[in-house]
Amino acid sequence: MSKIKTALISVSDKSGLVELGAALNSFGIKILSTGGSAKTLKEADIDVIEVSDHTGFPEMLDGRVKTLNPIIHGGILAKRESDDHMRTLKDHNIETIDLVIINLYPFVKTIENPNSTYEDAIENIDIGGPAMIRSSAKNHKDVIIVTSPDDYQSLIDELNKNNGEVSFDLKKEFALKAFEHTSNYDQAIFQYLQNDNNVSDKFPQNISIHLEKSMDMRYGENPHQQAAFYKHKTNYAGALSNFNQIQGKELSFNNLNDAENAWECVKNMSASSCVIVKHANPCGVAMADKPKEAYLRAFMTDPTSAFGGIIAFNCSVDGETAEEINKQFAEIIIAPSFSEDALNIFDSKKNLRVLEIPNKAGSDNFDFKKIGGGFLIQTPDQIDFDINTCEVVSELKPNQDQLNDMSFAWHVAQYVKSNAIIFCKDNMTLGVGAGQMSRVDSTRIAAIKAENAKLDLTNSVVASDAFFPFRDGIDVLAKFGAKCVIQPGGSVRDDEVIEAANELGLVMLFTKVRHFKH
């Protein structure tokens, strides 16, 4: 280790800057600084030398060029153990720089402002900062690079402990954080320009994913698997990752996996709506005038499966709804907000996880599915669906109530694992068949679920996430009392299926789009 003689400070985020500057002065470290950083330090009576005075070159091009100078980068990059390097510095009268404190122009903060322009974004692309960070991190054996105010205290503590010196282990740790910092910064710029060029709905040659660890988890899907939750910065507030956990024990891997499907299903529904999910499938969905009624109707679909489920609302949860929920065992409650009465009631169950998420529209650009050695990448399963544009292929025509129920059923089908069959009536699920290899089996299971819950399927509607390949599925659902079917169509046996619907007195609609969920 060697003592720090000269530090260079150039930061956009001035948090903790004065305290850091005072600490460096106390160790007799000379401080070089630029623009606003130098001004802040001077106003606090901290000794500082302007970089332009140090290099003999003024800042130019409206501040675009400040530190891009061999006097700066030579002082950072020179290997101290190299006689040749040190001789070169001496020949050109260049001083070594031993500590670099940098954080970059606020590019992400700029583009998150809805009033920012393209020109604003471009001007907040830092050039000199990343260059100095990379130079310092490359030469971390001799130079300390600090990119976050969160690390100032660690630096000061190390200087105090080692009488003005810093260990190699800490230098290496800071260098790793530095490259992480510039990597994330470049990725944010890349994504912004990609989106601005309308590439977000296409597939570029290269896709980079930058994730930030949000929490460690006790285990993964099973106790022998290790797991953690990593957040991908999104530009919409309604993403599940933006949850605020109000109470309850730590979230598990399976909790978040199930919560994603529950929240995506419920958040854009109309009226007060509730979705109950178990093992990643909705087992009960309902709309009503009030959240309590929506919950009771959703729970009624399959009380057995709802035990230990994830319950999500698209509206605020009040006290009377919380009282009903507290009669059952639930893992998680999700809603845009909760009344004080509701939170007081939930507080009686300390382990119950309560998550608050803004109910705002938006989605990620891509959906990822992991396979061995790579990812399958697709755009999200999102369409502007209008029930009135579907093709009525049966002789019988639907009335408005049937159209409303089929629209509701079709929405639910999108969030049920294939093969998916959903019986519905009056904006409430009656039976859900999910994840079967045979569509007929899914139909039978959905009907059995309804029977077990003592729900009448007479005059119900059925949604199928994909076409019926044979008429046998139609025969089964009609036997249980369904009167309407909404499905994509597109089978080579569509004529046979339509003939069955007419023979059995069913209304049938073709959406001409499917909702496979594997």
Side-chain angles (χ1 to χ4, degrees), residues 1-13 16-17 20-21 23-34 37-38 41 47-51 53-55 66-104 126-186:
M1 294 189 292
S2 59
K3 287 187 179 296
I4 299 171
K5 296 179 180 178
T6 303
L8 189 153
I9 301 177
S10 180
V11 293
S12 174
D13 181 355
L17 176 58
L20 175 65
L24 297 181
N25 268 183
S26 71
F27 285 103
I29 297 171
K30 180 167 72 175
I31 299 176
L32 310 175
S33 191
T34 60
S37 300
L41 292 168
D47 293 336
V48 61
I49 299 171
E50 293 267 6
V51 163
D53 293 332
H54 179 71
T55 62
K66 290 181 281 193
T67 57
L68 297 172
N69 190 296
I71 292 176
I72 298 298
H73 286 275
I76 294 173
L77 282 166
K79 293 190 288 186
R80 292 0 179 214
E81 75 277 12
S82 168
D83 292 339
D84 183 57
H85 281 204
M86 299 311 292
R87 189 180 306 111
T88 299
L89 293 191
K90 184 177 181 180
D91 290 346
H92 293 280
N93 197 29
I94 296 174
E95 296 179 21
T96 58
I97 297 173
D98 313 300
L99 169 64
V100 177
I101 312 288
I102 301 281
N103 57 62
L104 305 174
D126 204 324
I127 303 300
M132 285 190 292
I133 289 174
R134 292 178 63 84
S135 294
S136 306
K138 175 176 179 175
N139 201 28
H140 65 268
K141 181 179 179 181
D142 297 314
V143 180
I144 303 105
I145 173 65
V146 180
T147 56
S148 171
D150 293 339
D151 288 324
Y152 291 173
Q153 192 57 52
S154 296
L155 172 65
I156 294 170
D157 291 344
E158 182 86 350
L159 293 173
N160 283 321
K161 183 175 73 173
N162 297 318
N163 193 28
E165 298 179 351
V166 173
S167 68
F168 177 71
D169 286 344
L170 189 60
K171 290 178 180 178
K172 192 174 180 181
E173 178 184 332
F174 284 160
L176 176 64
K177 290 183 177 181
F179 281 119
E180 179 184 26
H181 188 58
T182 56
S183 175
N184 290 338
Y185 193 78
D186 286 341

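Along the sequence shown, residues are numbered consecutively beginning with 1. Bear in mind that the values here come from a model prediction, so they are computed numbers and not experimental data.
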Fill in the blank from the handout: Heavy-atom closest pair (Val100 atom, Ser136 atom, distance to 0.1 Å) is CG2-OG, 3.2 Å

Hey, is the main chain of [Y] close enough, under 3.5 Å, to the side chain of [X] for a donor-acceptor pair?
X	Y	value
Asn139	Ile76	yes
Glu158	Ser167	yes
Ser135	Met132	no
Asn25	Asp47	yes
Ser33	Ile9	yes

Fill in the blank from the handout: Taken in chain and number order and not counting sequence neighbours, the residues that satisfy side chain to side chain donor-acceptor pair (under 3.5 Å) with Asn184 are His210

Handout entry: side-chain contact (heavy atoms from CB on, under 4.5 Å) evaluation trace for His181 with Ser148
Key = CA-CA 9 Å; His181 188 58; Ser148 171; over 6 Å; no

Fill in the blank from the handout: Only residue of Leu32, Ile31, Ile29 satisfying side-chain contact (heavy atoms from CB on, under 4.5 Å) with Thr6 is Leu32

Exercise for the section: Not counting sequence neighbours, which residues clear salt bridge (charged side-chain N to carboxylate O under 4.0 Å, His left out) with Lys5? List them please. Expected result: none

Problem - Those residues that, when tested against Lys30, pass salt bridge (charged side-chain N to carboxylate O under 4.0 Å, His left out) (two or more places apart) - result: Glu95

For [X], give me all partners under side-chain contact (heavy atoms from CB on, under 4.5 Å), at least two apart in sequence or on another chain.
X	value
Ala137	Ile145, Ala175, Ala178, Phe179
Lys172	His140, Phe168
Ser82	Lys79, Asp84, His85

